[in-house]
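Single-structure report; data block below.
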Amino acid sequence: MINPKIKESITNNSEELTALRRKLHSEPELSFEEFKTTAFVCEYLDELGIPYRKTEPTGVIAEIQAVPGGKTVALRADMDALPVQQLNTHVPYASKVEGKMHACGHDGHTSMLLIAAKALNDVKDQLPGNVRFLFQPAEEAAAGAKAIVAQGAMDGVDNVFGIHIWSQMPTNKVACSPGPSFAAADIIKVKFKGKGGHAAIPEACIDAAIVASSFVMNVQTVVSRTIDPQSPAVLTIGKMVVGTRFNVIAENAEIEGTVRTFHPETRDHIEKSITQYAESIASTYGATAEVEYIRGTDTVVNEEESAQLVQQVATEAFGSDAVYDEKPTMGAEDFSAYLTKAPGSFALVGSGNPEKDTEWAHHHGNFDIDEDALVTGAELYAQYAWAYLNK
């Protein structure tokens, strides 16, 4: 199942892989602003002679068409960075852009897929099907996957595979279990309106700060007292804006948060309950509530056969001890948009190494990748495509 020429190609190009990652890391671009990254990907594909087309406003869809009309497997990498200030500025590839950083590993994903494309292009005469490469923008905005799917990214695709570098796992370990792996992620926005006035005359007012505080302190009971404890759910309030001045009782309060779930029925229940709860709290104080519940990414659910294929490929390519049992995360991934169009799976490749200081949490200013993991990721991309097409 493992193609030795693919392994040899990626091993031989390991230094180039690291160089690609470092270049992208030093030049981060935010969601739907990846214009230089898109151009760089296109230039690299031009050198390989792999046809592609750009998506709008950013992103690239490329394809090795070895067998027109044959099976097509899609490989996806995201490209966007985060509005995070890099803290580990001692590294020679530190971000050159103030306030922007590849703090989640997308620079690694893009680099791995480019080298995987190079390796697969070397064996295109042996491919029994087609390989599509999706260089996706705006994963951090939970909008990029939907955008390129709408532009035909998944048309004619039979299976789809993605990878995420994972700092919480030891370097070179591979995790891909059947079933849910990343949670659905939604946004909640609540606006409370009371009645403002002078801080010295509270009896003439309805204090929106009190209303909002009551909501924040008690809304967790929606999860702790109305959801089955065996159905994972997280409700987090991350932002609250209340009032205008120290001696003015607040008339308005705005709250924003997120809900993470794995099961559709849990998601539906929480959406309904938050609205009821906000309106009830507001009514108690004589205020009003306006609730906006925005559904974001769906749950990433690894199809059983695809996940088992990942495990088989990882075992044959890297050894039986490479497969790692990583529990599902309440983090979110818009890879779920591809799985609505075709079966597939989403793997984690470990890059956590205490000796290289690469165990920092994703989205932290000190985040970094153990670059030894890049070779593992690039080969996993390419060998999965080879294995799927040769099933």
Side-chain angles (χ1 to χ4, degrees), residues 30-32 82-83 138-147 150 182-228 231-299 330-334 336-337 363:
L30 302 183
S31 298
F32 288 132
L82 286 156
E139 187 280 329
E140 296 294 356
K146 290 180 181 179
F182 280 72
D186 302 328
I187 298 171
I188 55 173
K189 297 182 178 182
V190 183
K191 295 181 180 180
F192 291 108
K193 185 174 182 63
K195 182 181 178 182
H198 200 289
I201 314 174
E203 72 278 10
C205 306
I206 299 172
D207 193 342
I210 298 296
V211 181
S213 298
S214 180
F215 176 82
V216 172
M217 293 299 295
N218 294 286
V219 72
Q220 292 297 335
T221 58
V222 171
V223 173
S224 67
R225 290 297 178 267
T226 72
I227 297 295
D228 183 343
S231 296
V234 173
L235 195 169
T236 298
I237 302 300
K239 179 180 179 181
M240 182 164 68
V241 179
V242 182
T244 58
R245 184 178 163 84
F246 76 95
N247 64 348
V248 176
I249 288 179
E251 181 160 330
N252 298 291
E254 297 184 9
I255 293 170
E256 294 182 9
T258 183
V259 174
R260 308 296 176 102
T261 56
F262 280 122
H263 304 119
E265 60 274 15
T266 303
R267 192 182 197 183
D268 293 341
H269 174 81
I270 291 178
E271 177 178 1
K272 180 180 178 181
S273 297
I274 286 175
T275 299
Q276 292 176 338
Y277 197 87
E279 291 175 349
S280 177
I281 289 287
S283 178
T284 298
Y285 291 96
T288 59
E290 179 184 331
V291 180
E292 183 180 8
Y293 192 99
I294 304 167
R295 296 215 172 195
T297 59
D298 293 328
T299 308
M330 300 307 284
E333 241 291 343
D334 72 354
S336 55
H363 294 202

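Small disclaimer: the values here were computed from a predicted structure and weren't measured.
Here the NZ-CD distance, from Lys191 to Glu256, works out to 9.0 Å after rounding to the nearest 0.5 Å. From Lys189, atom NZ reaches atom CD of Glu254 across 9.0 Å, with rounding to the nearest 0.5 Å. Expressed to the nearest 0.5 Å, how far CZ of Arg295 lies from CG of Asp186 amounts to 6.0 Å. Rounding to the nearest 0.5 Å gives a distance of 14.0 Å between OH of Tyr277 and CD1 of Ile270. A distance of 10.5 Å separates OG in Ser231 from NE2 in His269, rounded to the nearest 0.5 Å. Atom CD of residue Glu290 and atom CD of residue Glu292 lie 7.5 Å apart, to the nearest 0.5 angstrom.
Shown here for Ala212 and Ala253, the closest heavy-atom pair between the two residues is CB-CB, 3.7 Å. In terms of heavy-atom proximity, Val211 sits nearest to Phe192 at CG1-CD2, 3.5 Å. Gly197 and Cys205 get closest at one heavy-atom pair: CA-SG, 3.5 Å. Of all heavy-atom pairs between Gly194 and Ala287, the closest is CA-CB, 4.2 Å. Shown here for Val291 and Ala278, the closest heavy-atom pair between the two residues is CG2-CB, 3.6 Å. In this structure, Ala233 and Thr261 approach most closely via the heavy-atom pair CB-CG2, 4.2 Å.
Of the listed residues (Val259, Thr275, Val190), just one forms a side chain to side chain contact (heavy atoms under 4.5 Å, CB included) with Tyr293, and that residue is Val259.
Summarising the local packing, CD of Gln276 is surrounded by more than 12 heavy atoms from other residues, nucleotides or ligands at distances under 6.0 Å.
Judged by distance alone, with hydrogens and angles left aside, the side-chain atoms of Arg260 form no donor-acceptor pair with the main-chain N or O of Ala185 at under 3.5 Å. A donor-acceptor distance shorter than 3.5 angstrom exists from the side chain of Thr221 to the backbone of Asn218, with no hydrogens or angles considered. The backbone N or O of Ala209 lies less than 3.5 Å from a partner atom in the side chain of Ser213, making a donor-acceptor pair. No donor-acceptor distance shorter than 3.5 angstrom exists from the side chain of Ser214 to the backbone of Ile210, with no hydrogens or angles considered. Of the possible donor and acceptor atoms, none in the side chain of Thr266 sits under 3.5 Å from a partner among the backbone N and O of Phe262. Side-chain atoms of His198 come within 3.5 Å of backbone atoms of Ala200 as a donor-acceptor pair (strictly under, hydrogens ignored).
In this structure, the side chains of Phe215 and Ile255 come closer than 4.5 Å at one or more pairs of heavy atoms. A 4.5 Å side-chain heavy-atom check between Ile201 and Glu203 finds at least one atom pair inside the cut-off. Residues Pro202 and Ile249 have side chains in contact (heavy-atom distance under 4.5 Å, counting atoms from C-beta outward).
Using a 4.0 Å cut-off between a side-chain N of Lys or Arg and a carboxylate O of Asp or Glu, Glu251 and Lys193 qualify as a salt bridge.
Judged as a side chain to side chain contact (heavy atoms under 4.5 Å, CB included), and not counting sequence neighbours, the contacts of Ser336 are Thr297, Asp298, Val300.
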Show which side-chain atoms of residues 234-247 pair as donor or acceptor with protein atoms under 3.5 Å away, not counting sequence neighbours.
from: Arg245; atom 1: NE; to: Asn247; atom 2: OD1; distance (Å): 2.8

